[in-house]
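First comes the structure, then the notes that go with it.
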Amino acid sequence: MAWTFTTSGAATERAGANVSDTIKADEAALNKFSDHAEGRIESESRRSWRENWGSVASGAQVLIGDIASALVAMDMINFDMSGYTSRQEAGTMLDVLDDRANKGLKILKDFKSNDMQTP
């Protein structure tokens, strides 16, 4: 189930240069973070995006991937903040990622399948 919407590389990039090497290497934890992110996206949007991922419009796939990578990155940062220059740096990153994820989730909640049309 993990990594349908994004990749561990995208999430690691979002978590920043100072993210813990331990969590970057922990495949089981990253898979769990991905599962949680995907479950949250599907629960909040009330759509099973994974089921027909190949037929989801590419723009929507980008948005969903953006949300998923932000959510996973937040879990990665929360795992161990000691590598960041300060807790304030980690906190600011978490705030930015939270804002990105919540704005994306709001779009998905309001999404109507017939609104995505090809030109």
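The model shown is predicted, which means the values in this text are computed figures rather than measured ones.
- Here the closest non-hydrogen pair linking I23 and A29 is CD1-CB, 3.7 Å.
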Practice task
Using the salt bridge (charged side-chain N to carboxylate O under 4.0 Å, His left out) rule, take K24 and D21 through it: C-alpha gap first, then chi angles, then the decisive distance, then the call.
Solution key: CA-CA 5 Å; K24 285 193 301 190; D21 287 332; 3.1 Å; yes

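- Between A37 and V72 the shortest heavy-atom distance is CB-CG2, 3.9 Å.
- The heavy-atom pair separating A68 from T6 by the smallest distance is CB-CG2, 3.7 Å.
- Annotation: side chain to side chain contact (heavy atoms under 4.5 Å, CB included) contacts of N78 (sequence neighbours excluded): M81, L94.
- The closest donor-acceptor contact from the side chain of N102 to the backbone of D98 lies under 3.5 Å.
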Practice task
Go through the steps for M93 and N18 under the test side chain to side chain contact (heavy atoms under 4.5 Å, CB included), then give the verdict.
Solution key: CA-CA 11 Å; M93 292 180 73; N18 295 322; over 6 Å; no

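- Rounded to the nearest 0.5 angstrom, Q61 CD and D66 CG are separated by 13.5 Å.
- Panel note: side chain S34, backbone L30; no donor-acceptor pair is recorded below 3.5 Å.
- Rounding to the nearest 0.5 Å places NZ of K109 at 8.5 Å from CZ of R46.
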Handout entry: side chain to side chain contact (heavy atoms under 4.5 Å, CB included) assessment of F33 paired with D26
Key = CA-CA 11 Å; F33 294 162; D26 189 338; over 6 Å; no

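- In this model, a donor atom of one side chain and an acceptor atom of the other lie less than 3.5 Å apart for R14 and S69.
- Taken together through direct or relayed side-chain contacts under 4.5 Å among Ile, Leu, Val, Met, Phe, Trp and Tyr, I64 and I107 form part of one hydrophobic cluster.
- Separating the OG1 atom in T4 from the CD1 atom in I41 is a distance of 10.5 Å, to the nearest 0.5 Å.
- With rounding to the nearest 0.5 Å, the separation of CG in L105 from CZ in R40 is 5.5 Å.
- S45 contributes atom OG, which lies 5.5 Å from atom CG of L108 (distance to the nearest 0.5 angstrom).
- Partners of A15 according to the side chain to side chain contact (heavy atoms under 4.5 Å, CB included) rule, which considers only residues two or more places apart in sequence or in another chain, are V19, A73, M76, I77, Y84.
- Of all the heavy atoms in G104 and L63, the pair that sits closest is CA-CD1, 3.8 Å.
- In this structure, E42 contributes its side chain and W49 its backbone to a donor-acceptor pair below 3.5 Å.
- For F5, the ring-ring contact (aromatic ring centres under 6.0 Å, His included) test picks out W53, with sequence neighbours left out.
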